[in-house]
Amino acid sequence: MEISLLPAQSIDKAIRSLIGSIPELSEAFGEVFDPIIRSSDPKFGDYQANGILPLAKKSGRNPRALAEILVPHLEASELIASSIEKITIAGPGFINFTLKKSYMQAWLAHFSSEEAFKDSTKDWLGQQTTVIDFPSANTAKQAHIGHLRPMVIGEAIARILEFCGAQTVRDNHIGDWGTNFGTLIMMIKKEKLELSDYRDPEEALIELDRLYKEGSNLEKEDPKLRDISRNELLRLQQEDPTNLALWDAIIEISNQAFEHLFKQLNVRTDVTLGESFYKDKVDRIYEELEATKIAEMSEGALVVWHDEVKKFSRGNERPFPFNIRKKDGASNYASTDLATLLYRVEHFKAESVIYLTDARQKDHFEQLFLTSKKWFEAKQYTLPELKHIWWGTILGTDNKPIKTKSGESIKLQSLLNEAVDRALKVVSEKNPNLPKDEQMKIAQAIGIGALKYADLSSNRTQDYMFDWDRMLSFEGNTAPYLLYVIARINSIFKKAACEDTLDNLSKATDLETTLEIDLARKIIQFPLALEQALSDLRPHFLCTYLFELAGTFNGFYNKEKVIDPDPTIQERRLLLCHRTQLILKTGLGIIGIETVQRM
RNA sequence: GCACCCAUAGCUCAAUUGGAUAGAGUGCUUGACUACGAAUCAAGAGGUUGGGGGUUCGACUCCCUCUGGGUGUACCA
């Protein structure tokens, strides 16, 4: 029996193939019929075909009559005979499919490891080279809560793409060439500081934070200082050795501090190519865009107009061009982004580039993509697929962007510390007998996992409310709820003393009880959830699914005893336990959340 | 002014991209531990999907309009 990762796809293929080969069906359904196979409410079956209804409308025929032509052929066909138990027509013209229990059993037996899933999913994106631009940390500043989403969402999306076969380059496009460096260098010289005096990059970064804040205030009071800062920036850009060394030290400090956060949040980047990397690559952009007449001068700046898009049109009351070179001749965000895209295409051979930022930068990326399209067409470069993945704001329980009580942004490190502290409190309460170091390890996994899961489990394009009590309450759609199921299943394995035989559960008999079948059904839907999460790069589809799987499992667990005197019953239930755990571990792994053996 | 995003149960969120009776969690009411981990499960109440119109066999989803929030509007990134 051939087992398909996506049985829905097999049904789809079978219908198309029958329509192509049987004249009666070709005539009734035509060439371009899409069956629209979806998973269905369990009370109807496992899958449903919705495609009859739109076709009936288009061709002016009775949908049920159309279904009645198709269904007998499907029933007689060998194509899905091994997988489908029952096909029924219902409602206005839906066709419902119910999987055979033996097929579910075979599916469960076949997909027995993460590798087994990957064998199928790795073909979904076929090795496509994808550059993921995240988390684009800013330099010389302590990370705050605003850096949480790019790290968490970025890591999850990178992993989803990788699981589905993409060749990714995770590129941390840091902002390391901005005007703030002038102020910082001015202040460092003014206070005669030695950056190497700070052993700990965290401590040094706090100092840089202070310097910048104080420096900006001083500049406001004393315009002469502002001129000094400007001059320092100019000298930096002219590669003055002293300033370049200071700049290097600052970058090193902030990169180290970020690395420390990445480690705690289990975030990985492959390359860190900031704006400074492109400083000698922007001239080519100006030249090419001017030569192709895509860019033109406006008010002293070099800009690209996109008059075909209303909001960017120069006819507006407030014109909004894409400014790629400032009137003082300096590069900006737009120029480096254009140079970066070209580098990604020429150097990394990117077939797809994904940018992750918050929603406020939507206009920028729309302009960047419009400009790139015109430019690449004119130069006959191959334009990769470009996507801007954006998200909403983190709100406090007062429904406003989250802040500390004094109105400052919350430091990311203190957020992580609080997550672990809160988790540790619960862990030590529930497991007073565990060694302290293990309690700490578990608390880290739970605390960080809860924080990440809270961010990933709601639709990224929405704002979400940050609520400690909710994310760590260990109830509802939270990481601890999912982690608990994994730990609980481990306890069953231990009690059944079956760790050695888990790889070979061949005595398992066909599923019998409703709760067993419900659970198996849910397990088989895993690839659908993954497919959905991939199609829109929205991790919450996967989270919702994992939560439902955990709930279905808990329902089964509370009613059906796994450990049973009859070895065939015990094996088939152990099989369900094992696959549930496998998918929870795999699924959480795909969104970047660490799991624990016990908790 | 122009553009984009959002509004779903008291609260926090879903809804398979237009499908069957809009679902979860939380909170509230009630029940299940001599039990493979109760950090769990089962049951009940709770809705004019912001208002109004339209398209469709079918609309939370698409179109128009109004109300109320948020964001962006060239030389910050």
Side-chain angles (χ1 to χ4, degrees), chain A residues 36 38-41 43-44 48 50 53-54 56-57 63 90-94 96 136 138 175 177-180 275 298-303 309-313 316-330 332-334 336-337 357-364 366-367 390 392-393 397 399 401 426-427 429-430 446 457-459 461-465 467 469-470 473-478 480-481 483-485 487-496 525 528-529 531-532 535-536 540-541 544-545 547-548 551 554-555 557-564 573 577 598-599:
Chain A
I36 313 180
R38 296 285 134 85
S39 67
S40 62
D41 190 313
K43 68 185 168 223
F44 298 124
Q48 60 183 61
N50 298 338
L53 289 154
K57 184 171 95 182
F94 300 108
N96 293 322
S136 314
N138 51 8
W177 207 237
T179 46
N180 55 330
E275 285 159 1
S298 168
E299 296 177 20
L302 187 62
V303 306
V309 178
K310 199 176 172 189
K311 66 182 151 182
F312 301 136
S313 166
N316 285 347
E317 190 181 319
R318 297 175 66 172
F320 188 15
F322 193 47
N323 185 336
I324 64 169
R325 189 180 64 204
K326 300 194 265 189
K327 65 180 169 197
D328 64 4
N332 64 6
Y333 190 30
T336 44
D337 262 358
T357 78
D358 70 40
R360 290 176 300 184
Q361 295 186 39
K362 285 176 70 166
D363 284 347
H364 168 77
E366 203 179 335
Q367 289 178 315
W390 53 275
T393 313
T397 40
N399 234 321
V426 184
V427 170
E429 209 171 273
K430 300 273 179 190
I446 292 177
S457 59
S458 67
N459 194 339
T461 54
Q462 302 240 311
D463 296 346
Y464 81 91
M465 188 171 284
D467 185 343
D469 292 332
R470 193 169 287 127
S473 77
F474 304 76
E475 286 169 355
N477 190 6
T478 63
Y481 179 82
L483 294 174
Y484 178 61
V485 171
R488 222 179 189 188
I489 291 173
N490 278 332
S491 292
I492 299 173
F493 292 162
K494 204 170 159 192
K495 177 115 181 183
Q525 282 168 10
L528 278 174
E531 196 186 36
Q532 229 185 329
S535 71
D536 260 354
H540 82 282
F541 285 120
T544 305
Y545 165 77
F547 173 58
E548 286 170 3
N554 279 332
Y557 172 92
N558 268 276
K559 277 280 181 206
E560 314 266 36
K561 205 88 170 132
V562 175
I563 294 169
D564 193 282
R573 292 187 178 165
C577 289
R598 52 179 175 175
M599 59 190 275

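Keep in mind that what you see is a predicted model, and the values were worked out from it rather than measured. Just so we're on the same page: letters track the sequence lines, and every chain starts at 1.
Taking only side-chain nitrogens and oxygens, Gln361(A) never comes nearer than 4.0 Å to OP1 or OP2 of C76(B). For C57(B), the OP1/OP2 oxygens have no side-chain nitrogen or oxygen of Lys57(A) closer than 4.0 Å. In this model, the phosphate group of A14(B) is approached by a side-chain N or O of Gln462(A) to a distance below 4.0 Å at OP1 or OP2. When the side-chain nitrogen and oxygen atoms of Lys310(A) are compared with OP1 and OP2 of A3(B), one or more of them lie within a distance under 4.0 Å.
Residue Asn459(A) is in sugar-phosphate contact alone, with no base atom involved, counting any heavy-atom pair closer than 4.0 Å across all strands shown. Across all strands shown, Ser535(A) has heavy atoms under 4.0 Å from base atoms, whether or not it also approaches the sugar-phosphate.
The nucleotide whose nearest atom lies closest to any side-chain atom of Ser39(A) is, among C5(B), U16(B), G19(B), U16(B). The Ala301(A) side chain lies nearest to C75(B) when the options are G19(B), U16(B), C75(B). Closest to the side chain of Lys326(A), out of A74(B), A77(B), U16(B), is A77(B).
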Check: protein-nucleotides 40-42 of chain B nitrogen or oxygen pairs below 3.5 Å:
residue : atom : partner   : partner atom : Å
U40(B)  : OP1  : Phe474(A) : O            : 2.9
U40(B)  : O3'  : Asn554(A) : ND2          : 3.3
U40(B)  : O2'  : Arg488(A) : NH1          : 3.3
U40(B)  : O2'  : Arg488(A) : NH2          : 3.4
U40(B)  : O2'  : Asn558(A) : ND2          : 2.9
C41(B)  : OP1  : Tyr481(A) : OH           : 2.5
C41(B)  : O4'  : Asn558(A) : ND2          : 3.1

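Going from atom CG of Leu528(A) over to atom P of A15(B) covers 15 Å, rounded to whole Å. To the nearest angstrom, C1' of C2(B) lies 6 Å from CG of Asn316(A). The CG atom of Asp469(A) sits 15 Å away from the P atom of U12(B) (whole-angstrom rounding). Atom CG in Asp363(A) sits about 10 Å away from atom P in G72(B), given to the nearest Å. Summarising the geometry, the separation between CZ on Phe312(A) and C1' on G1(B) is reported as 16 Å, rounded to the nearest angstrom. The distance from atom NE2 of His364(A) to atom C1' of U71(B) is 17 Å, rounded to the nearest whole Å. Rounded to an integer number of Å, the gap from CZ of Phe541(A) to P of C13(B) is 17 Å. The CG atom of Asn477(A) sits 10 Å away from the P atom of A14(B) (whole-angstrom rounding).
Comparing the P positions of A45(B) and U8(B) gives an interatomic distance of 23 Å, to the nearest angstrom. Comparing the same atom, C1', in G52(B) and in G46(B) gives a spacing of 26 Å after rounding to whole Å. As rounded to the nearest Å, A59(B) and A24(B) have P atoms that lie 22 Å from one another.
Ser298(A) contributes a side-chain N or O that forms a donor-acceptor pair with the base of A74(B) under 3.5 Å. Side-chain N/O atoms of Gln48(A) and base N/O atoms of A20(B) include a donor-acceptor pair closer than 3.5 Å. Interface remark: the Glu299(A) side chain does form a donor-acceptor pair with the A74(B) base, using a distance-only criterion of under 3.5 Å.
Across every non-hydrogen atom of Cys577(A) and Phe493(A), the tightest pair is CB-CE2, 3.9 Å. Here the closest heavy-atom approach between residue Tyr333(A) and residue Glu275(A) is recorded as CD1-OE2, 4.3 Å.
Along RNA chain B, the nucleotide closest to Ser40(A) and the one closest to Trp390(A) are compared, and the more 5′ of them pairs with Trp390(A). Of the two residues near RNA chain B, Pro480(A) and Pro319(A), the one whose nearest nucleotide lies more 5' is Pro480(A).
Between the side chains of Gln361(A) and Asp363(A), not a single donor N or O lies within less than 3.5 Å of an accepting N or O. Checking Tyr464(A) against Asn459(A) by side-chain atom types alone, no donor-acceptor pair falls below 3.5 Å.
A salt bridge links Glu560(A) with Arg573(A): at least one charged nitrogen is closer than 4.0 Å to a carboxylate oxygen. Ion pairing between a basic and an acidic side chain is recognised when a charged N comes within 4.0 Å of a carboxylate O; Arg470(A) and Glu475(A) show no such pairing.
Secondary structure note: stems in RNA chain B built from 3 or more consecutive Watson-Crick or G-U wobble pairs under 3.5 Å occupy B:1-5 with B:69-73, B:10-13 with B:23-26, B:28-32 with B:40-44, B:50-54 with B:62-66.
In this structure, Phe312(A) and Phe320(A) have perpendicular ring planes: the angle between them is above 60°, well past the 30° mark.
Taking syn as a glycosidic angle within 90° of 0, C63(B) does not qualify and is anti.
Aromatic pair Phe94(A)/Phe44(A): centroids not less than 6.0 angstrom apart.
Met599(A) places none of its side-chain heavy atoms less than 4.5 Å from the side chain of Val427(A). Residues Gln532(A) and Leu528(A) fail the side-chain proximity criterion, which asks for heavy atoms closer than 4.5 Å.
Aromatic stacking of Phe44(A) on A20(B): satisfied, with centres closer than 5.5 Å and planes within an angle under 30 degrees.
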